[in-house]
Amino acid sequence: MQRGILDRLMSRKGLYAAFWIIGLAMVTALIVFTARLSKEVPPIPERVVSESGEVLYTHDDVVAGKAIWQEFDLTDYGTLLGMGAYLGPDFSTEFFHRRALALYDAYAREIYGVPADALSDEQRGFVKERVKADFHGVTLTGGTVTYTAASAAAFKANRDWLADFLVKGEPDFGWPGGVIHDDEARTLAAFIDWSQLVASSIRPGTDRTWSNDWPAEPLVDQDVSWTAHYYSLWELLLLWTGTIVVLFLSYEYLVKKDATEEEKLEKPLQITKLFPSQRKLLKYLPIVSLFFLLQVVLGGYIAHLYTDPANNFLISQDILPFNVTRALHVNLAIVWVAIGWLVGGMMIAPLVAGEDLKFPWLVDVLWVALLIVGGGGLVGIYLGATGHLRETWFWLGNEGRELLNLGRVWDIGLVAGLVMWFLMVYSVIRKARSNNILVGTIIWSAFGVATLYMAGMMPVHKIMPNYTVDDYYRWWVVHLWVELTFELFASGVLAYLTVALGLVSRKSAERVMLFELALIVMSGTLGVGHHYWWQGLDEYWIAIGGIFSALEPLPLGVLMISAIREQREIRARGESFPFAVPFLFLAGSAVLNWVGAGFLGMVINTPTIDYYAHGTYLIMPHGHVALLGAFGYISLAFLYVVARSRALADGLEWNDRPSQVGFWLVTVGVLLFAVPTIIIGFHQAEVAQESGYWLTRQRETLDGMRAWMWSRILPDGLMILGAAVIFFDLLKKTFFSRKAA
């Protein structure tokens, strides 16, 4: 029978070709977008002056201010152009709003001789047009930017406000003060005012600002554009259509065919012994799970500060301020997830190859290196942000870029460790007897994991002067490193494990994985665009960024449903399935990946919603559920693969119950966590739409949602309890298990 186009496309050969075609197209697109970068980014002016010729600040002041922003990790306290943490204000919007208020008052007094709050509606309308003309009359260029006398006075007032806020502290906003000096705060004001210019001045040749008209500011009639509505509509239509197509192709050509062709499942993985290098992995298990526990405990601490920032919780904020705690919380997540994945790679490589590492002692060397880098980096994050490393903060302290806080020395050490891990895995896995697509995916995605992190280290020896360029490459790591290379590695490993556990046929797993790889390469590359249109890149990023990442989790979800079905049949037949706990975390990963990256991702990804919700609590559920599901659960699955393999090899007792309890406590907790954060985020977005974005970040808005904020005690408590159960369970199974009777 002659095969149709879809049959040929969805064959192993067709999917392999599609993956390479899409991959090459995406690399080309990324090169083109990067080449256009210098023509799009908002420039840093040589100097900003008043009408009278007074120099307010210079290019060097802006760059120095950016360094101060990073040194004291203000991005883990408040936000800049909506990027960062949500306890403090959005400093760009704060300067924008305060400048507008100052201009209203200045022009009201100049024209009518009264303060702004005494204007009639008719007078206020006339003053508004003067204020808008003032804002839009300023052109952001790389040369000289000239402020009116009123705007120059507004900048000086903003500078004084910032110095008072940062130096003396503001308890209602959870900022204790006492770390940043007055001269540092005043230099920082130049950088923040530049970001305010990005948000308020018109991009030459257009009728929109450099930030594509974000934020919403009624004082100058700035609001969402028709373009955002237009792309939101098309993204919803394409997502609806794409979801149907992906599910149809996944079921009809990747899963259903498996049964009709009567493909045989491979014999389930049997562990009778461990190689020396695999035994050395046992020391990683309690450390990784302890980091997980510490991370969620710190998450509960900062949740309390989010809710009640004016009061200390257990520890004085002078000792453990919010920004430091949040940076530790985020980076602990990166550390334990990444190390767990490294453990998985080193466990699976000998299984695939059938032989051990040539030098097993390298596992010990990597363990020591990771402890030094992880421990040193976390200490540096604390010391840098608290002002103890003013001369060496860039190299040893807190680099102050959200999710990429490690000082440069620790960055270099991490890359060295990742490269060492790749070489260890590659040296073994390349000898695999069956050099199939699963093995190839694991190898080359591991190479990407080891190298793409370097994209966030440019230039190596100093900070990137332009914030927009810096954030462009930061998202390469946050999005491309995580949602591309990590996802590729996850796909290869999940496909391998489902085959090795005797749950899915190799042929079906290979086809599903290739289909998934094509979607990952497309969505992982283009999906990064929804992070770019706030801080100065052009509006076409709105169009390309919103839809793709939501389709990414579907094929593996379908594969996992098939695997779950097979596992249930195994149990129904009364047969043994020794890797039930690792499989539970793998199945949970597939589900939470779809919920977090797919469903909750689309909650915020449509441009219209994202415009108002950018930098609000609505971002939290997506980030937390996606990170835990897509990556955290795979890391925990790897830990349990090692623990279970050791128990099987040594004939040790094993009890699934504590592991299952820990899994369900964490899973229910993270899903319940999404409820109050979604409700709070939607309330903030509503306030932004009705009254302007500035108000969404004020305590008066958040204090109205205190009941929902306090309700996080339940989900946070469940996650902390679940992480504690997992830690003590792995500790016992690693070091205190007895021989099975």
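Under a 3.5 Å cut-off, the side chain of Arg159 and the backbone N or O of Ala185 do not form any donor-acceptor pair. In this structure a side-chain-to-backbone donor-acceptor pair under 3.5 Å is present from Glu184 to His181. Side-chain atoms of Ser92 come within 3.5 Å of backbone N or O of Leu81 as a donor-acceptor pair. The main-chain N or O of Asp703 is never found under 3.5 Å from a side-chain atom of Arg706 such that the two would form a donor-acceptor pair.
Counting only N and O atoms by type, the side chains of Asp73 and Asn323 include no donor and acceptor under 3.5 Å apart. Side chains of Thr606 and Ser232: no donor on one and acceptor on the other come within 3.5 Å. Looking only at atom types and distance, the side chain of Asp134 has a donor-acceptor partner in the side chain of Tyr107 under 3.5 Å away. With hydrogens and angles left out, the side-chain atoms of Thr209 and Ser211 include a donor and acceptor closer than 3.5 Å. For the residue pair Thr468/Asp471, the side-chain donor-acceptor check at 3.5 Å is not satisfied. Under 3.5 Å, the side chains of Ser52 and Ser50 contain a donor-acceptor pair of N or O atoms.
Under the 6.0 Å cut-off for aromatic ring centres, Trp541 and Phe33 qualify, their centroids lying closer than that. Annotation: Phe96 is in aromatic contact with Phe135 [ring centroid separation under 6.0 Å]. Trp476 and His531 have their aromatic ring centers separated by at least 6.0 angstrom. Checked against a 6.0 Å centroid threshold, the rings of Phe91 and Trp69 count as neighbours. Two rings, from Tyr612 and Tyr693, have their centers 6.0 Å or more apart.
Listed here is the closest heavy atom pair of Ala216 and Tyr611: N-OH, 3.2 Å. Of all the heavy atoms in Val330 and Leu403, the pair that sits closest is CG1-CD2, 2.8 Å.
You'll find the side chain of Glu217 stays beyond 4.5 Å of the side chain of Asp223, heavy atoms only. Using a 4.5 Å heavy-atom cutoff, the side chains of Pro115 and Arg109 are in contact.
Between Glu94 and Arg697, none of the side-chain N atoms (NZ, or NE/NH1/NH2) sits under 4.0 Å from a carboxylate O, so this pair counts as no salt bridge.
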For the pair Asn158 and Asp193, evaluate side chain to side chain donor-acceptor pair (under 3.5 Å) and give the outcome as yes or no after the intermediate values. CA-CA 9 Å; Asn158 278 340; Asp193 193 70; 4.9 Å; no

Give the C-alpha distance, both sets of side-chain angles, the deciding distance and a yes or no for side chain to side chain contact (heavy atoms under 4.5 Å, CB included) between Ile302 and Phe322. CA-CA 6 Å; Ile302 63 176; Phe322 176 89; 3.7 Å; yes

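Arg99 forms a cation-pi arrangement with Tyr147, by the criterion of a distance under 6.0 Å to the ring centre and an angle within 45° of the ring axis.
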